[in-house]
Amino acid sequence: MFGRLVAKGKAGIKIMKYNFKEIEAKWQKTWQEQKLYKTPDYPKKDKYYVLVMFPYPSGDIHMGHFRNYIIGDAIARYQKMLGKDVLHPFGWDAFGLPAERAAIQRGLHPAEWTLKNIGISRSTLQKTEISYDWSREIISCNPDYYKWTQWMFLRLFEHGLAYRKKGWVNWCPEDKTVLANEQVVNGACERCHTPVVKKEQEQWYFKITDYADRLADDLDKLKDWPENVKTIQREWIGRSAGAEIDFIIKETGEKLPIFTTRPDTIFGVTYMAIAPESPLLDRLNIEGDFKQRAEAYKQQVLMRSEIDRASTVGEKDGVFTGKYAINPFNGKEIQLWVADYVLAGYGTGAVMAVPAHDSRDFLFAKKYNLPIEVVIQPDKNTKLNLATMEDAYTEYGIMVNSGEFNELVGEDAIMKVTQFAEQKGIGRKKINYKLRDWLISRQRYWGAPIPIIHCPQCGLVAVPDKDIPVILPNVQNFLPKGRSPLADVPEYMNVNCPKCGSTAQRDPDTMDTFVCSSWYYLRYVDPHNDNIPFDKDKASAWLPIDKYIGGISHATGHLMYFRFFYKFLRDIGWLKDDEPALSLFNLGMVMDANGELMSKSAGNVVSPIDLLERRGIDITRLSMFFTAPADRQISWSNDYIVGVEKFITNRFYPIIEFYRGTNPDLKKYFRQMNLDKYEKDIYIKLNQTIKRVNDDYNYMQFNTAISSLMELVRDYESPKISNNDLNDYLILKSILLIAPMAPHLAEEMWQKCGRKDSVFDGNWPDYDKNALQFDLVNIAVQINGKVRGEIQAVRDISEAEVLEKARSEPKVAEYLKGKEIIKKIYVANKLINIVIK
RNA sequence: GCGAAAGUGGCGGAAUUUGGUAGACGCGCUGGACUUAGGAUCCAGUCCUUCGCCGGGUGGGGGUUCAAAUCCCCCCUUUCGCACCA
């Protein structure tokens, strides 16, 4: 109906073409002049902090970035329309290895390459008119930013949370640097996929394990985080409760504590095993042939890559050390082995082996013919038979062959055994974590220098706050050599100790880029402060982040680190609450038409610019929103534009043709007024749409927001509305509803309707709560649960009347003929189910 | 292997929060109208089966219920996470 009116250009109505180029240019200019996106230092009204994870500038931005940013943008604009002060900043995670690779390959300095990419990306991004306050832009490789990254390091250092430790680390032979656990994926370097090898080195760590309990416990406070992210973090922290029990090395009497979650199996220990990398091994003084074999075994294990080790899970091997240990519970002597399946970094690097009740120990014992002793029975009537057992019995059960502990069961047994150990001083309760301390030093150039000086007299000395930033010196050669390129710059390395003045050396390493990204969201509240990293009052006014948008790939890395930093800064008085982000939203990735992830390395990057120029920013945005829910992965194809483009150019934009110039009061409700049937219906539809679209913005369901707007416009037939106020009211509210997703379009329509303010000026529409329901309802009639008919009735009709009406439906009557009604279920205004026999 | 999430038309996806008329909205497709023509626009149709009624249908099988896409159990598939954590 409506469409025809437009197509035929009814007399007197001038058809307006949707000229996006003109419209978009016009509003971009106006908004820039108005400084529409300028955020105040302190929010004067309710605040909303929406943040999208800052990108690494590897080239130009692509469709994937574009999708991310328009999602944040729609939320920012929606919140602004709700009348809040919105902080929506942007910046660049600018340190990192690809810049060094580019330096090596193309002879560009990493800074040059990075800043050039930032320039290109920024210019693309600014063309997309995302509502960033660009005056707050940060670039993490600039000294005015990394000065404060170094400041963070110094605070951690003075609180004993940044420390050096020698240990077995993950080493990437390609990038020639160490990696954090979080950067090793399936035994390979996250970035270059080279198999990682173990090296023993002294490195810098942040003591994130001190925060393990809080990081785990506070996950419960994150009500609006996706469950899967919380699960991944919980498992990564890997808290497990058990006991530490002191075995004794027979020869020396030295204590050999081990961690176990199953103290109830203590009487079934038939051997012990030590990790090959464990320093314990050297202290054992293994002799003769045993020494040779143990050494050879250790070397062989160290040669194997992580991938190799992972692929042979299930195949266990090891060698006997010739040494014995004593079980403190029963005084039994047991063999001490070195075994690959024991991890040096977990617990104490040694285990008590209970083959009957642990699958790994079972395999190992079978392989080397070590004794197996059953000390747990599943229940009173079931007995484990050693001869026929094919695997260990690892469930809880009843203790047997365990002296005075016999007949104790499950958790109670564990508790009693642990208590006994505590009383005798041979053990204690213990909680262990899979989480390791965060290794943050890198032997590479393009990162924030570690602000520490190694003094032969004073040891590790912090660079005084007044001397930061420690500026990254200029270097010519970036080829990785296994040590930091900074080590070869004597002007940089040689300094005087700030404490004693004697000749000393700087720490040559740089920090992991994840350190930079652990606090960037704080700098945005006060990006130009030269004296402190951020103003405490500004931070407490804006934080926590209300909506944090990013990819799920950061679940165990960044999203753990930034929570750790936030808690630490709170502890030292810089912040007020526990968690940096109240709500986390996982974005769906954008794949190309073949289902491949768009990335620079895959070479299938599609720039949004071409599309934006041909179809317009708003049409492109709406198309992406409409294609799928924001958290779902999509394979982008320009075909997705067709429907939305038709909707906007043929349906939505032309509704302003029907505007009658009444400039209605948008706070007014029409429900109680004299409206005819059609007017009433469309008014109800409008209010249902307002409610739905509003909910959809809150649930990040932009696709259904657009479809309900399509429905509204489909049902809207201006000539049928005689109330001019209502007609204009509907048009203006529709414009507001689409504004967060299609800003230029909405602002243009708004202005064409004679409005002088901006759509974004706190104009979000409320719905008329009394106008969500039609007076007439359709009630489904079911016979035995199957829909057999439908009746129309006035709202809130009685059950008896519904039944009466249903019976008079011919089709329903047919079914009821000669049958007995056993039961009726009536769901008010919706459905009646008649059960017959 | 362990853990988590998810399987709905030819396609993207609604409805799952609260069990209550499955397939909203859009693409594509089919037919028609207007046109010299149209990949423009409009109208009608489009889960399967059927001329129509009837019947069937949300990965497969079972169950709970007056009523199941939605809740429970088993199986299959896909995706993601963890990969010897004692």
Side-chain angles (χ1 to χ4, degrees), chain A residues 1-8 185-187 226-236 238-240 242 258-262 265 272-273 275 306-307 309-316 339-343 345-354 357-361 363-364 394 432-436 552-553 555-556 586 623 626-629 632-635 637 639-647 649-650 695 699 701 703-711 714 778-790 811 822-828 830-836:
Chain A
M1 280 293 198
F2 160 71
R4 179 167 289 162
L5 282 174
V6 172
K8 293 201 169 170
V185 176
N186 292 328
E227 259 336 295
N228 58 342
V229 175
K230 288 193 273 187
T231 304
I232 289 170
Q233 291 211 348
R234 234 174 243 120
E235 286 174 359
W236 189 261
R239 177 162 56 188
S240 75
I258 55 86
F259 175 72
T260 177
T261 54
R262 293 297 301 275
T265 63
M272 294 188 75
E306 284 294 294
I307 290 188
R309 281 177 87 165
S311 70
T312 54
V313 165
E315 295 164 39
K316 317 249 167 286
D340 194 8
Y341 76 94
V342 182
L343 304 173
Y346 185 76
T348 61
V351 298
M352 67 179 208
V354 187
H357 306 293
D358 181 286
S359 299
R360 296 155 300 186
D361 300 343
L363 280 172
F364 194 85
T394 59
N432 252 314
Y433 306 87
K434 277 161 74 169
L435 183 72
R436 308 292 151 81
I552 191 163
S553 55
T556 56
N586 281 147
S623 305
F626 187 58
T627 297
R632 203 165 308 189
Q633 174 182 313
I634 59 170
S635 286
S637 148
D639 296 347
Y640 288 130
I641 292 178
V642 179
V644 168
E645 187 170 49
K646 282 201 283 195
F647 169 66
T649 57
N650 300 341
D695 291 348
Y699 294 128
Q701 286 172 7
N703 57 330
T704 48
I706 294 170
S707 66
S708 28
L709 283 167
M710 285 172 165
E711 282 184 52
R714 176 195 66 193
N778 293 325
I779 298 171
V781 182
Q782 294 185 332
I783 309 286
N784 289 345
K786 290 196 189 281
V787 179
R788 297 302 184 185
E790 189 178 67
K811 206 171 143 189
I822 312 173
K823 199 173 176 181
K824 331 175 266 291
I825 294 99
Y826 178 55
V827 183
K830 249 188 173 167
L831 150 157
I832 183 162
N833 188 10
I834 304 167
V835 185
I836 59 170

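Keep in mind that what you see is a predicted model, and the values were worked out from it rather than measured. Chain letters run A, B, ... following the sequence lines, proteins first, then strands; residues in each count from 1.
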Under the 3.5 Å rule, do the base of B:C82 and the side chain of A:Arg234 count as making a donor-acceptor pair?
no
What I want to check is whether an N or O donor and acceptor connect the side chain of A:Lys824 with the base of B:C66 at under 3.5 Å.
no
Can you tell me how far [atom1] in [N] sits from the matching atom in [M], rounded to whole Å?
N	M	atom1	result
B:U49	B:G1	P	39 Å
B:C47	B:A83	P	48 Å
B:A6	B:G13	P	15 Å
B:G20	B:C72	P	15 Å
B:U70	B:C2	P	26 Å
B:U16	B:C27	C1'	25 Å
B:G59	B:G9	C1'	15 Å

To the side chain of [X], which of [options] is closest?
X	options	answer
A:Ile825	B:G12, B:A86, B:C66	B:C66
A:Asn778	B:U21, B:A86, B:A14	B:U21
A:Lys316	B:C84, B:U21, B:C85	B:C84
A:Arg436	B:A86, B:G13, B:C85	B:C85

With both distances kept under 3.5 Å, what pairs with [N], Watson-Crick or G-U wobble?
N	answer
B:A40	none
B:U64	none
B:A86	none

Contact list (N/O, under 3.5 angstrom) for nucleotides 2-9 of chain B vs protein:
none

Taking [atom1] from [X] and [atom2] from [N], how many angstroms apart are they, rounded to a whole number?
X	N	atom1	atom2	value
A:Ile783	B:U21	CD1	C1'	14 Å
A:Tyr433	B:A86	OH	P	13 Å
A:Arg262	B:C85	CZ	C1'	16 Å
A:Asp695	B:A15	CG	P	12 Å
A:Ile634	B:G13	CD1	P	9 Å
A:Tyr346	B:A83	OH	C1'	15 Å
A:Lys830	B:G19	NZ	C1'	10 Å
A:Gln633	B:G81	CD	P	11 Å

Under 6.0 Å from the six-membered ring centre of A:Phe364 and within 45° of its axis: does the NZ or CZ of A:Lys316 meet both?
no
Might you list the N or O atoms of the protein lying below 3.5 Å from N or O atoms in nucleotides 23-26 of chain B, with each pair's distance?
residue	atom	partner	partner atom	Å
B:A24	O2'	A:Glu711	OE2	2.9
B:C25	OP1	A:Arg714	NH1	2.2

What nucleic acid atoms does [X] come within less than 4.0 Å of, heavy atoms only: base, sugar-phosphate, or nothing?
X	value
A:Arg239	nothing
A:Ile232	sugar-phosphate
A:Gln782	base
A:Asn432	nothing
A:Val835	sugar-phosphate

Which atom of [X] lies closest to which atom of [Y], heavy atoms considered:
X	Y	answer
A:Gly349	A:Val342	O-CG1, 3.5 Å
A:Ile832	A:Ile779	N-CG2, 4.0 Å
A:Ala555	A:Val229	CB-CG1, 4.3 Å

From [X] atom [atom1] to [Y] atom [atom2], the distance as rounded to the nearest 0.5 Å:
X	Y	atom1	atom2	answer
A:Gln233	A:Asn228	CD	CG	10.5 Å
A:Gln782	A:Lys824	CD	NZ	15.5 Å
A:Tyr826	A:Asn833	OH	CG	13.5 Å
A:Ile706	A:Gln701	CD1	CD	12.5 Å

By nearest nucleotide on RNA chain B, pick out whichever of A:Val185 and A:Leu831 is the more 5' one.
A:Leu831
Between A:Phe626 and A:Tyr640, is the ring pair (Phe, Tyr, Trp, His ring centres under 6.0 Å) condition met? List the steps.
CA-CA 8 Å; A:Phe626 187 58; A:Tyr640 288 130; 9.3 Å; no
Between A:Tyr341 and A:Asp361, do the side chains contain an N or O donor and an N or O acceptor separated by less than 3.5 Å?
yes
Can B:G61 be described as syn, meaning its chi torsion is within 90° of 0, or is it anti?
anti
With a 6.0 Å cut-off (strictly less than), is the heavy-atom count around NZ of A:Lys230, excluding the residue itself, greater than 12?
yes
